[in-house]
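Position 1 is the first residue of the sequence; numbering continues from there.
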Amino acid sequence: MLASTLCFGVMAIAIRLASHTLSTVEIAFFRNFFGLMTVLPLVMRMDPASLRTKQLPRYFVRCVIGIFSMLCGFWAIGHLPLAQAISLSYSSPVFVTILAAVMLGETVRGRRWAAVAAGFIGVLVIVRPFSHEFTGGTLIALLAAVLSAVVAIQIKQLARVDAANTIVLYTYLFWVPISLIPALFAWEWPQGIVWLWVIGAGLFGTGGQVLWTHALKLGEVSALTPISFIQLPLVALVGWLWFNESVDVYTWIGAGIILAANAYIAHREAVLLRRHATTAPVEAAKPGE
């Protein structure tokens, strides 16, 4: 889990560096393309029969929503202070809990609703919608978290039929051509070291997802989720050292509230996993798109 967290942190830094010269849509395409190159060796060792699916329309819808989430998230990383963008991305599990109740009919009891309410308070502390510091960019970061939550629910639905590796493969097979279409309208070949940033975004982003999945297979989500919060001080430090960014006290307070809410939601879902033998924690806790 620690290695996964570091990978996601490096991916965010690579996206920020690439955004100095490339558009968000182009960075998303390269992230997906090199991500596909990363997963292909893993897929080639799988049984071909396990890669068959009857859910292609669902994959298409999931991937379109995922691309919009990715574009919003990447834009936020490129244009907002890193710590603020990452803090708001951590609100996704809060929205997953709500959508699981609405779309999947899962039972969410009082203590988890209280954690959801606390998560919303944390978001409001960071965004401060009625202050002079409020910017529309924070809403784009928040939209990325909401769309990511929708994708997490869709992944859970797909996982009822298909294996995890099958979901990963078809996700990238759809992501690459879908993300190429808008990238063509803003195309500019990366120059020099920018190639390193876009390749790194693909490699570390995919590596983080693979390591996250393996971590959840080996340990309990309630114990592992707090480790992922290390990403926040990591990117905050890099933002301060490399990009001369400062983190205001509201971002730290709001992030602390969101992370505490996430930790409690993960704990309660782990309890339910042991009690009802469901796969809800794995799907709800998955990061990214």
Side-chain angles (χ1 to χ4, degrees), residues 3-4 6-46 48 51 53 55-79 85-86 89 140 144 147-148 151-152 154-155 158 162-214 286-289:
S4 169
L6 294 176
C7 282
F8 285 126
V10 173
M11 181 194 73
I13 295 166
I15 291 169
R16 178 58 176 270
L17 291 168
S19 68
H20 290 166
T21 55
L22 296 180
S23 65
T24 300
V25 290
E26 197 170 355
I27 295 172
F29 165 72
F30 281 117
R31 183 261 182 269
N32 293 330
F33 177 79
F34 290 112
L36 177 61
M37 296 300 102
T38 304
V39 301
L40 280 180
L42 301 176
V43 172
M44 291 175 64
R45 295 184 295 177
M46 295 174 55
L51 299 178
T53 182
Q55 303 190 87
L56 287 180
R58 276 191 172 186
Y59 278 106
F60 177 77
V61 173
R62 171 259 184 274
C63 290
V64 169
I65 296 174
I67 287 295
F68 277 106
S69 174
M70 183 181 296
L71 292 176
C72 291
F74 285 12
W75 186 93
I77 290 173
H79 296 82
I86 297 302
S89 73
I140 295 177
L147 294 176
S148 179
V151 169
Q154 292 175 317
I155 290 174
L158 292 168
D162 293 340
N165 287 335
T166 305
I167 295 173
V168 171
L169 173 63
Y170 281 102
T171 294
Y172 277 101
L173 288 178
F174 275 107
W175 267 356
V176 171
I178 292 174
S179 59
L180 176 61
I181 294 172
L184 290 175
F185 291 94
W187 190 264
E188 181 180 349
W189 285 104
Q191 301 295 322
I193 198 172
V194 180
W195 277 110
L196 179 63
W197 308 142
V198 294
I199 293 173
L203 294 179
F204 284 100
T206 304
Q209 290 176 327
V210 172
L211 289 167
W212 179 281
T213 302
H214 283 289
K286 280 185 178 178
E289 302 69 29

Visitor: From Tyr172 OH over to Thr38 OG1, what is the distance, rounded to the nearest 0.5 angstrom?
Guide: 7.5 Å

Visitor: To the nearest 0.5 Å, tell me how far Thr24 OG1 sits from Phe74 CZ.
Guide: 9.0 Å

Visitor: Would you call Val198 and Phe29 a side-chain contact if the rule is heavy atoms closer than 4.5 Å?
Guide: no

Visitor: Hey, could you give me the CZ/CD1 distance between Phe204 and Ile199, rounded to the nearest 0.5 Å?
Guide: 11.5 Å

Visitor: Check whether any side-chain N or O of Ser148 sits under 3.5 Å from a backbone N or O of Ala144 as a donor-acceptor pair, and report yes or no.
Guide: no

Visitor: Might you point out which heavy atoms bring Ala85 and Ala76 nearest each other, and give the distance in Å?
Guide: CB-O, 3.7 Å

Visitor: Within the structure provided, determine whether Tyr170 and Gln55 are in side-chain contact (heavy-atom separation under 4.5 Å).
Guide: no

Visitor: Excluding sequence neighbours, so at least two apart, what forms side chain to side chain donor-acceptor pair (under 3.5 Å) with Thr21?
Guide: none

Visitor: Only one of Thr171, Asp162, Thr166 forms a side chain to side chain donor-acceptor pair (under 3.5 Å) with Tyr59, so which one is it?
Guide: Asp162

Visitor: Side chains of Phe60 and Ile178: closer than 4.5 Å at any heavy-atom pair?
Guide: yes

Visitor: How many angstroms lie between CD1 in Ile86 and CD1 in Ile77, if you round to the nearest 0.5 Å?
Guide: 4.5 Å

Visitor: Starting at OG1 of Thr206, measure out to CZ of Phe34 and round the result to the nearest 0.5 Å.
Guide: 11.5 Å

Visitor: Hey, does the side chain of Glu188 reach the backbone of Ala186 with a donor-acceptor pair shorter than 3.5 angstrom?
Guide: no

Visitor: Ring-plane angle category for His79 and Trp75, please: parallel below 30°, perpendicular beyond 60°, tilted otherwise.
Guide: parallel

Visitor: Is any side-chain heavy atom of Asn32 less than 4.5 Å from a side-chain heavy atom of Ile67?
Guide: yes

Visitor: Shortest non-hydrogen contact from Phe174 to Cys63?
Guide: CB-SG, 3.4 Å

Visitor: Find the distance between CE (Met70) and CG (Leu147) and round it off to the nearest 0.5 Å.
Guide: 12.0 Å

Visitor: Measure the shortest side-chain to side-chain distance between Val168 and Gln209 over non-hydrogen atoms and say whether it is less than 4.5 angstrom.
Guide: no

Visitor: For a quick test of reading the model, state the closest non-hydrogen atom pair linking Gly208 to Ser4 and the distance between them.
Guide: O-OG, 2.9 Å

Visitor: Measure the shortest side-chain to side-chain distance between Glu26 and Pro190 over non-hydrogen atoms and say whether it is less than 4.5 angstrom.
Guide: yes

Visitor: Has Phe33 got more than 12 heavy atoms of other residues, nucleotides or ligands less than 6.0 Å from its CZ?
Guide: no

Visitor: So, do Val194 and Trp189 sit near enough that their side-chain heavy atoms are less than 4.5 Å apart?
Guide: no

Visitor: Evaluate the side-chain proximity of Ser19 to Ile27: yes if any heavy-atom separation is below 4.5 Å, no if none is.
Guide: yes

Visitor: Just checking Phe30 against Trp187, ring centres under 6.0 Å apart?
Guide: yes

